[in-house]
Every structure is written in C-alpha cells, then in structure tokens.
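Here's the structure, in structure tokens; my notes come after.
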Amino acid sequence: EHAKSIVLTQDESLPKAEKIKICQGVDSRGKRVKVSGWVHRLRVQGKDMMFVVLRDGSGYLQCVLTGERCHTFDAITLTTESTITVYGVINALPEGKKAPDNHELVVDYWELVGKAPDGEEAFNSKVASDADPSYLLDNRHLVLRSETTSAVFKARAEVIKAFRAHYESRGYTEVTPPCMVQTQVEGGSTLFEFDYYGENAYLTQSSQLYLETCLPSLGDVFCIAESYRAEKSHTRRHLSEFTHLEAEMAFLTFDEMLDNIEDLVCDVIDRVMTHKPTRQLIEQLNPGFEPPARPFLRMTYADAIKYLQDNDIKKEDGSYYQYGEDIPQAPERLMTDKINRPILLCRFPADIKAFYMQRCGDDRSVTESVDVLMPNVGEVVGGSMRMDDMNELLEAYKKEGIDPSTYYWYTDQRKYGTSPHGGYGLGIERFLAWLLNRYTVRDCSLYPRFTGRCTP
Ligand code: 4AD
C-alpha cells in the first residue's frame, strides 16, 4: 500500500535526455540518455538497490536503480521481459566490476511501459532450456529473445550481408525469382502443390532454372530466396522451407565453378571473421572456430564409395555401399567428420542426379556435379554445370517423364544462344549450423517448418 503511494517524478533541473539505442551506449557515456527495452535480467540487492540488465535488440545495458526508484509498486513487482524506459547517465565501470560494454546506466528516473506476467505464466517457464523441444517450438516467439537464439539471428543477418557483399565485389547481379512456379527442379517427390486460380502450381524447390534465364540479360546472377521441399523425413538438416542462396555463371568450366564455390565460402568466412562484432558472435556460439584451410579436398563420388568401403562405413543391414547408390546423410557425415575438412564431392553418376546436369566429357555416365560437405553438417552446397545442348535436354526431359511444353522457356535458353554455364545452391541454415555449431538447421531458422510444424 505504501509502495502504491510512491510516485516518481523527473527532476526538471537535469539536462534533457537524448533517446538512444543500447548499441550507442559507449558513444553516449557521460550524457543524460533515455533508453527503452525489455528487462533481460533483474537482481535486487538489499532494499535500496536494483540491477536491471536491459535489452533492446541492439545490445545489453546494465542499469542501476537506487533509493525510492526501487520502492515504487512497479519496482517491487517488476518482472523479467517487462518493458521499461530508463533515464540517466552511463558511466564506465571501475576495474574489476563486470557488465556489458563495461559500463552502467545510473537511473535517475524510469517508467514502466508494459508489465510481463509473474508466477505460472512467467517468461522463464516458457523458455526453460530443458523443456520439451516441441513446447519450445510452440514458444519460439519467446525463445527468440534468449541470448543464444538472438545471437544466432544477429550472426545470420551478418552472414547474409557478407554473402551479398561477396557477390557485389565479384560483379554478380541480384535477382528476385518467383516462389510460385509450374516446373519442378529437384524431382517430383518433394513438391508442395497448390491451386493457382484453378491451375496446378508449386512452391519453388530452387530458383535455378530462372537464374539460368537471366544470364544472357544480366550476366552472372544470384538470389537469396525461400525454397520449399516436402521432405517427409525428420532429420536435423531438413526443413520444409529454407533460405536458398543460389548463383549461376555463364562461360566457365566445371573447375572454374569449383574455384568459385571455394572462393565464396572462404571469402564470406573472411568477411565475417574480420568484422569484430560478428567474430564475437561466432566465438560466443562456436568457441574455437577455425576458418577452413584452402584448397578444399576435391574427391570424386567413386572415391567416396571406395572411402566408405575402406573405412568400414556400412549400411544399417551391414552391407557395403556400392557404386551407383546414393550416399545417405549418415555415411556422408561419418566420412566428412572423419576427414574433418571441407570436401568438394564431384562427378556423381547421372542416374542419381537431377535431369539438367551436364555429363562429363571423358565419361558420359557421370555428371559435372558437386556437393560441398562440411564437418558436423554434411552437404551445405549442391551445384553442377547444366546441359547446354538442346537435343540432349529434350532427351533428358523424356527420361525424367517431364512434359517439355511447360519447360519451353527453359529449353529456349539453349535455342537462343546457348552457353556453357553452371551454378549452385547453398542452404543458409545448413551453412549457419556449420559456422555457428548448432545441432540442427532448425535452430538457424526463425520459425522452422518441417513435417507437422507450421506454427507459430
Ligand atoms: O542440392 P540441392 O537440392 O540443389 C538444388 O536445388 C540446385 N537446383 C541448386 C542450384 O544448382 N542452383 O539443394 C541445394 C542446397 C543443399 O546443399 C542444402 O544446403 C540446401 O540447398 N537444402 C536444404 N536445406 C534445408 N532443408 C532442406 N530440405 C534442403 N534441401 C536442400
């Protein structure tokens, strides 16, 4: 009752507070500032002192409340995740005391904006790290606020920025292909189909075919778009919707494309590691991360099969993998983890790869294809050179059971000035799972979609 009667007032004789974001704190030390955010942590010390770590998405700021500022009803009933606005001066902390950015805001006045619940409904009970994964996914909107998860999405934003900067520096043009399409790219079994004004349409599996059509107009191109796959299997690296970074290049050889992929991965890692705030995020999430050494190991599919046999990596039934069979994710990971460096796995048999892939000049049974395998994750990039001969492509449609009439625009690419060309797709969530050492790609997707999960 007594607390309810205490009303804080702002001292009008103080300088007017300048509104800042927490990331501007270091530059604003010594001035009176106004900061709004969420109560990230709360610690009461005695009856005259309270420490609040405030979070606004741009950083964390320790605030110290003293005297009557901790005696109000709002102070006594303050909870984590409540929103508040604080006024005061940021001072550097003396040696030995620890807080984010080594400073703290001494609050002279504060206001409650929105109080978060206490007790059973309290935030902490919704995000407990030992909770059931599906409960945490139901509460993904709250989990996003945790230090680890927000670090993942800060790093993700920086990584995407670095990819864009890479392509800009290499002269590529960014395009935005459609997500609603009427052609398949990576096989019919994983298509999401929907009704498009009475016609059949799909959510795109890959923007590759569209990127190819941009080459004569824009030269080398890339896009960052969502791709969709109805993947029935529950694995830690498959999503139903993922962010797909794809690039396509004209007039190059397969080996040049492999060089480009290596350049992409290494240059992007270089960019994020030389940007101090991003390097700190990577060190926080993946302590001891070492950028991969160049050159990456180049290995053929045939040698991978031999490696599996020589290293006793077998199928579940105890038999060996044979040439011509798809290498599933488990053996692929065992091999990659054992080799423990990035692998450019090349020359897959045509029979187990997509219809559009160019055959190798010296062996028509294998393709100019590549998967980039990373330790702990496995495949993060898939790419190939594309068939550039029209008749060969028409044959390939037939073999795949594809109706060429819906692909007329893709075929035209070979008719109106064909060119050797190729490209690749990189799964952003897989790349991040590798770089940030996350157990599953789900942790790197804002709101992961997979079988049985489309909420929130
Ligand atoms: O190997 P994929 O299927 O290749 C293509 O889609 C080509 N058309 C790309 C191109 O050449 N432009 O997929 C490329 C990458 C994979 O290496 C993987 O990183 C990611 O996309 N990916 C997935 N990521 C998460 N969940 C899934 N279900 C994924 N499917 C593919």
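Residue indices begin at 1 and follow the sequence shown. Whatever order the structure lists ligands and atoms in, that order sets their numbers, starting from 1. Hydrogens, waters and symmetry mates are skipped; everything else that's a heavy atom, side chains included, is used.
For the pair R341 and F296, the cation does not sit on the ring face, since its NZ or CZ is not both under 6.0 Å from the ring centre and inside 45° of the axis. Annotation: cation-pi pair K315/Y321 present, NZ/CZ under 6.0 Å from the ring centroid and within 45° of its normal.
In V381, the part holding a heavy atom less than 4.0 Å from any atom of ligand 1 is the backbone. At a heavy-atom distance under 4.0 Å, only side-chain atoms of E246, from C-beta outward, approach ligand 1.
Contact atoms of ligand 1 toward L239: 25 (C), 26 (N), 27 (C), 28 (N) (distance under 4.0 Å to a heavy atom of the residue). Distances below 4.0 Å separate heavy atoms of R386 from the following atoms of ligand 1: 10 (C), 11 (O), 12 (N). Annotation for ligand 1: atoms under 4.0 Å from non-hydrogen atoms of G423 are 11 (O).
Side-chain N or O atoms of S369 include none that pairs as donor or acceptor with a backbone N or O of S384 at under 3.5 Å.
Among the candidates V265, I261, D259, D267, the single residue satisfying the side chain to side chain contact (heavy atoms under 4.5 Å, CB included) test with D263 is D267.
At least one heavy atom of Y356 sits less than 4.0 Å from an atom of ligand 1. Ligand 1 lies less than 4.0 angstrom from a heavy atom belonging to V380. Under a 4.0 Å heavy-atom criterion, E212 is not in contact with ligand 1.
Ring centroids of H238 and F450 are separated by 6.0 Å or more, keeping the two rings apart. The ring of F123 has its center no closer than 6.0 angstrom to the ring center of W38. Aromatic ring centres of Y301 and Y323: separated by under 6.0 Å.
At the shortest separation from atom 16 (C) of ligand 1 among protein heavy atoms lies E379 OE2, 3.2 Å. Among all protein heavy atoms, the one lying closest to atom 21 (O) of ligand 1 is F242 CE1, 3.4 Å. In this structure, the protein non-hydrogen atom closest to atom 18 (C) of ligand 1 is R430 NH1, 3.5 Å. Protein heavy atom closest to atom 7 (C) of ligand 1, with residue, atom name and distance, is E186 OE2, 3.2 Å. Protein heavy atom nearest atom 15 (C) of ligand 1, with residue, atom name and distance: G425 O, 3.5 Å.
The aromatic rings of Y397 and Y410 sit tilted relative to each other, their planes meeting at an angle between 30° and 60°.
On a distance-only criterion, E231 and ligand 1 share at least one N/O pair closer than 3.5 Å. Checked by distance only, ligand 1 and G427 come closer than 3.5 Å through their nitrogen or oxygen atoms.
Of all the heavy atoms in R237 and E379, the pair that sits closest is NH1-N, 3.6 Å.
With respect to the salt-bridge test (charged N to carboxylate O, under 4.0 angstrom), the residues E248 and R386 qualify.
In this structure, of M385, R237, R229, the residue bringing a heavy atom nearest to atom 3 (O) of ligand 1 is R229.
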